[in-house]
Structure formats: structure tokens, C-alpha cells
Amino acid sequence: MSIRKLPQKLRYRHDFDMMSCYSKYHPRGAKQQEVVRKKWFISLEKGFDWVSRPDLEYQQQLQNITDSLPDSCSYVEAEQLFVAVYWREKGDSSTVDQVAEVIEKIMLIQSQKYREQ
């Protein structure tokens, strides 16, 4: 958990540039950087909106997973090193558990993708 600057692609949407963020780094770290260089963002504020898209084959799978995020979550960011959820910190410990579960599921999808390449 941290307060993090919103990615550049998202800052124009707000009059602020910092937001609470729950993120987790992939355990394999730098090795993944050589495998996949895709980064994607999802806006959850006005329905499901891709700010930048991952590969087509994963879009529906990712949408299904992120649909289970609490309403207090605004964005999901993923890249080869980490997955992050930006949120307004509304809820209790079960909300944090929900966010953590979604991050784990996204990381699982990414690790399967890496093994396929």
C-alpha cells in the first residue's frame, strides 16, 4: 500500500495526480522485463474503459476478473514487473482482501502468458 502518482496517461482525468495504490511486484522481477514489454491501464470509474489495451486474447479474461473489484477502485495498471490497483480507500479489511485477490488473479494470467512465449 502506498500513495503513488497516477500514470501520465491518467492524470488529465483529474485535478489531482496522487492516489492510494495497492500494488504487488512479480516475484521473477527483471527477467520478465525481457519477455513482455506491454503495459495496460483500465479505468473503472465510468464503466470498463481501456486506457491502453493488452493483447486481445486477454481483454475479456481481464475484464471478468476486474469486474469483482469494489466500487472504490478507479484504475488497474499492469506491466511486466507489477500489477497495481488505484483506489479511494473506502471499505474495510475485506475490501483490501478483494483487491489483493484480483491482483493475484491478474498476475496468474500474466505468468501463464510469459510461459507461452
| field | Candidate pair Thr66 and Ile106, rule side-chain contact (heavy atoms from CB on, under 4.5 Å), full reasoning | value | CA-CA 9 Å; Thr66 57; Ile106 292 170; 4.1 Å; yes
Evaluate the criterion side-chain contact (heavy atoms from CB on, under 4.5 Å) for residue pair Lys24 and Val83; output intermediate values, then yes/no.
CA-CA 6 Å; Lys24 184 171 180 182; Val83 174; 5.8 Å; no
Apply the test side-chain contact (heavy atoms from CB on, under 4.5 Å) to residues Met19 and Trp87: give CA-CA distance (whole Å), side-chain angles for both, the deciding distance (0.1 Å), then the verdict.
CA-CA 7 Å; Met19 188 176 249; Trp87 63 311; over 6 Å; no
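Partners of Lys90 by side chain to side chain donor-acceptor pair (under 3.5 Å), not counting sequence neighbours: none found.
To the nearest 0.5 angstrom, Tyr22 atom OH is 12.5 Å from Arg4 atom CZ.
Taking the ring centre of Tyr75 as origin, the terminal cationic atom of Arg88 falls outside the region bounded by 6.0 Å and 45° from the ring axis.
Contact check for Phe82 versus Met107: no side-chain heavy atoms found under the 4.5 Å cut-off. Contact of the Ser74 side chain with the Leu44 side chain is not registered, since no non-hydrogen atoms from C-beta on lie closer than 4.5 Å.
In summary, the side chains of Asn64 and Gln60 do present a donor paired with an acceptor at a separation below 3.5 Å, with no hydrogens or angles considered.
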Using residues 94-103 as the side-chain source, report each donor-acceptor pair under 3.5 Å to any protein atom, sequence neighbours left out, with the distance given to one decimal.
residue: Ser94; atom: OG; partner: Asp92; partner atom: OD1; Å: 2.5
residue: Thr95; atom: OG1; partner: Asp92; partner atom: N; Å: 3.2
residue: Gln98; atom: NE2; partner: Ser68; partner atom: O; Å: 2.9
residue: Glu101; atom: OE2; partner: Lys105; partner atom: NZ; Å: 3.3

